[in-house]
Amino acid sequence: MTPAPEPTLNPTLKPTPGQTVGPFFGFALPYEQGPELVTAGVAGAIRLYGTIRDGAGTPIPDALLEIWQPDADGNIIERPGSLQRDGWTFTGFGRAATARDGSYNFTTIEPGPTAAGAAPFIALTFFARGLLDCLFTRIYLPDHPALQNDPLLTALPPDRRQSMIAIRDDHGLRFDVCLQGEAETVWLAFA
């Protein structure tokens, strides 16, 4: 059997840009209590917040963030209820859209380490217009002793490491995201 000939490309045709994601996130995907992994005022509740900026430092008003995290004891949660909050069940998942000023807020708890000696973190997925795919990073808790030995953090140059560590302040845990430039957040490949 003779193999089929290879298709030839027409040299007059130019490649087109790939399909990007968005900008529907801020309209279609947020849901009631999506950013509230726990109710504010519950013992151990914290505010996780920040601002999303592009490479020029301009806030991104129509992005979407999702977080996944273990509970305070480091247990990875596999309970249903993330899209319909019952006020009791901690599912470890939350979704928030950015506001006009690029800010976002979650109400959650501080995660515990998932293994002895591991640094606790919150996984963050980021969606925004113009991206070819979503982006992934981690939000590490500040001042945790296991940060010094975390394999991912220690593999990064010191000046890049800080982009993955939240800042504790009077309002909770602040984690600002920068898409590009000198302050770019470290993004991870996810397989």
Side-chain angles (χ1 to χ4, degrees), residues 15-37 40 45-69 92-111 119-144 146-148 150-191:
T16 58
Q19 178 69 41
T20 62
V21 295
F24 49 81
F25 309 113
F27 307 105
L29 296 178
Y31 57 94
E32 190 173 340
Q33 297 178 301
E36 299 173 20
L37 284 73
I46 60 162
R47 177 180 178 220
L48 172 65
Y49 75 102
T51 302
I52 311 296
R53 297 184 187 279
D54 65 15
T58 304
I60 299 177
D62 55 358
L64 187 81
L65 298 91
E66 293 181 342
I67 61 171
W68 286 270
Q69 67 170 90
F93 173 81
R95 181 182 291 158
T98 55
R100 287 178 168 246
D101 63 356
S103 65
Y104 72 92
N105 285 280
F106 289 97
T107 306
T108 187
I109 57 174
E110 292 194 19
F121 65 87
I122 298 170
L124 172 70
T125 304
F126 177 75
F127 303 82
R129 62 184 146 83
L131 296 176
L132 296 176
D133 204 350
C134 56
L135 301 174
F136 303 94
T137 192
R138 289 180 176 181
I139 305 170
Y140 285 94
L141 303 181
D143 305 321
H144 194 281
L147 291 178
Q148 304 302 320
D150 183 80
L152 174 60
L153 290 177
T154 56
L156 296 171
D159 60 325
R160 302 284 294 131
R161 199 173 297 156
Q162 195 59 42
S163 76
M164 299 179 76
I165 302 173
I167 298 170
R168 190 178 309 277
D169 63 18
D170 292 341
H171 304 289
L173 292 175
R174 180 179 184 116
F175 187 78
D176 294 325
V177 174
C178 185
L179 294 183
Q180 295 175 311
E182 290 183 20
E184 180 180 1
T185 300
V186 172
W187 302 109
L188 306 172
F190 185 74

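- In this structure, H171 and N105 have side chains that are not in contact, with every pair of non-hydrogen atoms separated by 4.5 Å or more.
- The structure places CZ of F136 at 12.5 Å from CZ of F126, a figure rounded to the nearest 0.5 Å.
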Stepwise side chain to side chain contact (heavy atoms under 4.5 Å, CB included) check, F106 with I67: CA-CA 9 Å; F106 289 97; I67 61 171; 3.7 Å; yes
Test log, rule side chain to side chain contact (heavy atoms under 4.5 Å, CB included), inputs Y104 and I52: CA-CA 8 Å; Y104 72 92; I52 311 296; 4.0 Å; yes
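- Note that CZ of F121 and CD of Q69 are 10.5 Å apart. Values are rounded to the nearest 0.5 Å.
- Side-chain atoms of R47 never come within 3.5 Å of backbone atoms of T107 as a donor-acceptor pair (strictly under, hydrogens ignored).
- Residues L179 and W187 meet the side-chain proximity criterion, which asks for heavy atoms closer than 4.5 Å.
- Within the model, atoms OG1 of T98 and CG of L64 stand 8.0 Å from one another, a figure rounded to the nearest 0.5 Å.
- Minimum interatomic distance between P142 and A166 (heavy atoms only, all atoms of both residues): CB-O, 3.2 Å.
- Inter-residue side-chain proximity for I167 and L173 is flagged as unmet; no heavy-atom pair is nearer than 4.5 Å.
- Shown here for A97 and P30, the closest heavy-atom pair between the two residues is CB-CG, 3.7 Å.
- The shortest non-hydrogen separation linking F175 to I165 is CE1-N, 4.0 Å.
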Steps toward side chain to side chain contact (heavy atoms under 4.5 Å, CB included) verdict (L152, Y140): CA-CA 11 Å; L152 174 60; Y140 285 94; 3.7 Å; yes
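- Considering all non-hydrogen atoms of both residues, P61 and R100 come closest at CB-O, 3.5 Å.
- At a threshold of 4.5 Å between non-hydrogen side-chain atoms, the residues I46 and I109 do not count as touching.
- Atom CG of D101 is surrounded by more than 12 heavy atoms from other residues, nucleotides or ligands within 6.0 Å.
- D176 and R174 are joined by a salt bridge, as a carboxylate oxygen and a charged side-chain nitrogen come within less than 4.0 angstrom of each other.
- Contact annotation: the side chain of T125 approaches that of F127 to within less than 4.5 Å [non-hydrogen atoms, C-beta and beyond].
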Steps toward side chain to side chain contact (heavy atoms under 4.5 Å, CB included) verdict (T154, L147): CA-CA 8 Å; T154 56; L147 291 178; over 6 Å; no
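- A side-chain donor from one of Y49 and D169 sits under 3.5 Å from a side-chain acceptor of the other.
- Distance check, rounded to the nearest 0.5 Å: CE of M164 to OG1 of T185 gives 9.0 Å.
- Looking at D54, L124, T51 one by one, the single match for side-chain contact (heavy atoms from CB on, under 4.5 Å) with V177 turns out to be L124.
- Looking only at distances, no side-chain donor or acceptor of E110 sits under 3.5 Å from a matching main-chain atom of P120.
- Atom CD1 of I122 and atom CG of L65 lie 11.5 Å apart (nearest 0.5 Å).
- Distance check, rounded to the nearest 0.5 Å: CD of E182 to CZ of R160 gives 10.5 Å.
- Between the side chains of S163 and E184, no donor-acceptor pair of N or O atoms lies under 3.5 Å.
- For the pair R53 (side chain) and I60 (backbone), a donor-acceptor distance under 3.5 Å is absent.
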